[in-house]
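The block underneath contains the structure these notes are about, expressed in structure tokens.
Throughout, residue positions are numbered sequentially from 1 according to the sequence presented.
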Amino acid sequence: MVQMVQSLGGIYVKIGQMLATVGAGFLDEEYMSALRPLQDGNPPRSKEQIYGIIEQSTGKKMEEMFESFDDIPVGAASIAQAHRATLRSTSDASKNSAVDNEVIVKVQYPEVASLFNIDFNNLELVTRWINPENLNFVQKLRKRHENELDFTIEAENLRECTLNMQAHGVEPRLIRLPRVRNETGLCTKDVLIMEYLQGISLADAIEEEQNTIAKALGVKNASELRTVMMKRMKEHFENGGGSEDGDMGMLTDNKMRLAGTAGPLALKVFRAYAQARESIQNTFHNAGVHINNALHKFNLLLAKNGDAFTAPTPRKPRINMSRALKTLIHVHGLQMIKDGVYNADPHPGNVKILPDGRLGLLDYGMVGRVSNIERHAIAKTILALSRNNRTETARLYHESGYRSSWADGEITDENLIHRIATFHLDRVDLSPVYVADRNEHIGILTVLKSTKERSVPDWVNQARRLGGLLIGVSSQAARPISLANEWKTIAADALREAQPINR
């Protein structure tokens with residue numbers, strides 16, 4: 001399946017990446033495991049192809065631009081691949097010791113634009129036939145993807161979002177966005193030169209944490225652990241979803257030596273155990289490093305007799321996954337609700353955890369934009385959801401123009417509309433929903449299977465995509481959240497700031 005998606009490329013890889021993120025707790029682990037590699041990338045192109053694209057786009061030879069260029073890419077995505085390189089020093093750069101010439105070179109595949117054009121032509125055609133009321137959404141999605149194919153637009157997005165995040169005081173304190181190196185004159189529509197940020201991808205960090213927990217519990221691999229976790233995750237969603245104590249855990253199974261242990265905090269306890277176990281191991285391991293450094297001269301003497309030992313290398317610091325996820329969620333709340341300009345594709349492969357614990361936010365090719373009126377509608381919906389105010393949530397959706405129908409006709413029941421909005425901007429809640437017209441509780445999946453959306457405001461489409469990705473990545477890391485609770489303070493601040501304007 002993944003090979004087929006990769007061969008189709010373009011928008012199909014994007015869809016696969018989104019499913020790999022939002023599907024936690026919905027899709028079977030078999031499908032999640034198959035889709036997960038799409039978060040890390042696609043098979044890369046040859047260095048000859050990449051060299052040719054760079055030289056044709058910039059009009060310069062590789063040796064003129066770079067002192068070194070890694071032929072093996074650090075990542076290969078649906079539209080481009082990225083290589084680590086070192087720029088040749090200019091006279092200006094050599095005068096400034098603070099200038100770091102280590103960069104990432106992002107190179108777009110030449111056929112991508114035409115493939116995207118074909119894909120969206122077909123998508124528009126099918127939408128006109130089957131669901132014409134959603135044509136406007138498809139056309140706006142097309143425009144967003146077209147912008148992603150122009151790296152000069154991505155460069156401007158990076159500069160704009162960096163300034164916004166600095167104004168909020170989170171960049172560079174909590175996050176880093178790579179600086180565009182356009183002073184080189186090498187940035188074009190197809191080539192983007194950016195500062196290199198060292199770190200581990202969030203996708204890899206999640207897998208490493210689960211491998212650590214699996215090892216601590218005596219489980220043979222993380223795949224077996226994830227199977228159990230996703231089963232517990234689904235049970236949690238069927239009981240209403242959301243978070244508890246800000247750090248949900250989903251692990252309980254006889255196979256995991258946890259017979260008789262139940263409840264949502266199980267993984268939190270064993271995560272702490274695994275981290276403590278690893279910390280103790282690291283303490284003794286790193287103690288060997290310090291001791292060996294202190295006895296360095298003695299070791300040299302031993303070397304004469306052939307008895308010297310090799311110093312162990314320090315292990316990398318433990319990642320605070322809960323803090324990383326909270327930062328990711330908080331920052332994107334600021335971007336969407338406060339600024340109206342946000343990264344629309346924050347899947348785990350596009351996020352790095354830097355050595356000092358900060359986040360590196362990559363890939364600003366797909367940036368969404370909402371108007372002041374739209375971001376205030378999102379803020380009001382967030383507050384209504386956080387207060388479980390079904391009447392207000394339904395009113396906001398209805399007045400914005402959201403319309404849908406199901407087996408019983410048009411959806412007007414405020415409980416149903418509130419639950420739909422909950423999926424969009426709060427949490428995964430698979431518990432039965434009370435339908436007043438029937439005077440009974442109905443399985444929500446039964447409702448959703450027969451639901452057809454007839455009119456969806458653009459802000460709902462944008463908010464639910466971003467919300468779904470953030471809810472999904474948190475669930476993938478076994479820390480399901482209530483997005484409305486995470487964003488309610490940001491939403492209240494945004495509405496309070498807007499009051500003088502609305503008078």
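For His332, there are no ring-ring contact (aromatic ring centres under 6.0 Å, His included) partners, not counting sequence neighbours. Legend: residues meeting side chain to side chain contact (heavy atoms under 4.5 Å, CB included) with Thr152, ordered by chain and number and at least two apart, are Asp150. The salt bridge (charged side-chain N to carboxylate O under 4.0 Å, His left out) check on Lys338 picks up Glu497, with sequence neighbours excluded. By the side chain to side chain contact (heavy atoms under 4.5 Å, CB included) test, Asp429 pairs with Arg419, Thr422, Arg427, Ser431, sequence neighbours left out. Considering only residues two or more places apart in sequence or on other chains, Ser474 meets the side-chain hydrogen bond (donor to acceptor under 3.5 Å, both in side chains) condition with none of them. Taking the side-chain hydrogen bond (donor to acceptor under 3.5 Å, both in side chains) definition, one finds that Ser386 meets it with nothing, sequence neighbours left out. Judged as a side-chain hydrogen bond (donor to acceptor under 3.5 Å, both in side chains), and not counting sequence neighbours, the contacts of Trp459 are Ser400. Residues forming a salt bridge (charged side-chain N to carboxylate O under 4.0 Å, His left out) with Arg45 (at least two apart in sequence, or on another chain): Glu111. Residues that satisfy the salt bridge (charged side-chain N to carboxylate O under 4.0 Å, His left out) test with Glu392, not counting sequence neighbours, are Arg395.
Counting only distance, with no hydrogens or angles, the side chain of His236 and the backbone of Arg232 share no donor-acceptor pair below 3.5 Å. A donor-acceptor pair is defined here as one N or O able to donate and one able to accept, closer than 3.5 Å; no such pair exists between the side chain of Asp339 and the backbone of Val341. Distance alone, capped at 3.5 Å, places no donor-acceptor pair between the Arg84 side chain and the Val74 backbone. In this structure, the side chain of His347 engages the main chain of Gly349 through a donor-acceptor pair within 3.5 Å. Without hydrogens or angle criteria, Asp413 side chain to Val435 main chain gives no donor-acceptor distance under 3.5 Å. Here the side chain of Lys380 pairs no donor or acceptor atom with the backbone of Leu396 at under 3.5 angstrom. Remark: side-chain polar atoms of Arg173 are paired, donor with acceptor, to backbone N or O of Gly169 under 3.5 angstrom. Although no hydrogens or angles enter the test, the distance criterion places no donor-acceptor pair under 3.5 Å between the side chain of Asn350 and the main chain of Pro346. Of the possible donor and acceptor atoms, one in the side chain of Arg403 sits under 3.5 Å from a partner among the backbone N and O of His398.
Contact between Leu483 and Gly467 at its shortest, heavy atoms only, is CD2-CA, 3.6 Å. Smallest separation of non-hydrogen atoms from Ala113 and Leu149: CA-CD1, 3.7 Å. Of all heavy-atom pairs between Ala379 and Leu495, the closest is CB-CG, 3.8 Å. The two atoms that bring Leu359 and Ala324 nearest to each other are CD1-O, 3.3 Å, heavy atoms only. Residues Ile490 and Gly333 come closest through the heavy atom pair CG2-O, 3.8 Å. Taking every heavy atom of both residues into account, Ala344 and Leu469 meet most closely at O-CD1, 3.6 Å.
With rounding to the nearest 0.5 angstrom, the CE atom of Met165 is 8.0 Å from the CG atom of Leu177. For the atom pair CG of Leu385 and OG1 of Thr393, the computed distance is 4.5 Å after rounding to the nearest 0.5 Å.
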Below 3.5 Å, can you tabulate the donor-acceptor pairs from side chains in residues 187-194 to any protein atom, sequence neighbours excluded?
from, atom 1, to, atom 2, distance (Å)
Thr188, OG1, Ser57, OG, 2.5
Thr188, OG1, Asp190, N, 3.1
Thr188, OG1, Val191, N, 3.0

- Message: Does Phe423 form a side chain to side chain contact (heavy atoms under 4.5 Å, CB included) with Ile471? I'd like the steps, not just the answer.
- Response: CA-CA 9 Å; Phe423 278 107; Ile471 293 166; over 6 Å; no
- Query: Does the side chain to side chain contact (heavy atoms under 4.5 Å, CB included) test come out yes or no for Asn147 and Met366, once each step is laid out?
  - Reply: CA-CA 7 Å; Asn147 288 342; Met366 188 183 294; over 6 Å; no
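In this structure, Tyr364 and Val180 have side chains that are not in contact, with every pair of non-hydrogen atoms separated by 4.5 Å or more.
Under the side chain to side chain donor-acceptor pair (under 3.5 Å) rule, Asn372 has a single partner from Arg375, His376, Glu374, which is Arg375.
A salt bridge between Arg176 and Glu171 is present, with a side-chain N of the basic residue lying under 4.0 Å from a carboxylate O of the acidic one. Looking at Arg479 and Glu209, a side-chain N of the basic residue comes within less than 4.0 Å of a carboxylate O on the acidic one, giving a salt bridge.
Sequence neighbours left out, the pairs with a member in residues 153-163 that pass side chain to side chain donor-acceptor pair (under 3.5 Å) are Lys106-Glu154, Glu156-Arg159, Asn157-Arg369, Glu160-Arg369. Applying the ring pair (Phe, Tyr, Trp, His ring centres under 6.0 Å) test to pairs two or more places apart or on separate chains, those with a residue in residues 425-457 are Tyr434-His441.
For the 3.5 Å distance criterion, the side chains of Tyr402 and His424 fail to qualify, holding no donor opposite an acceptor.
Shown here is Ile373, whose CD1 atom has no more than 12 heavy atoms of other residues, nucleotides or ligands within 6.0 Å.
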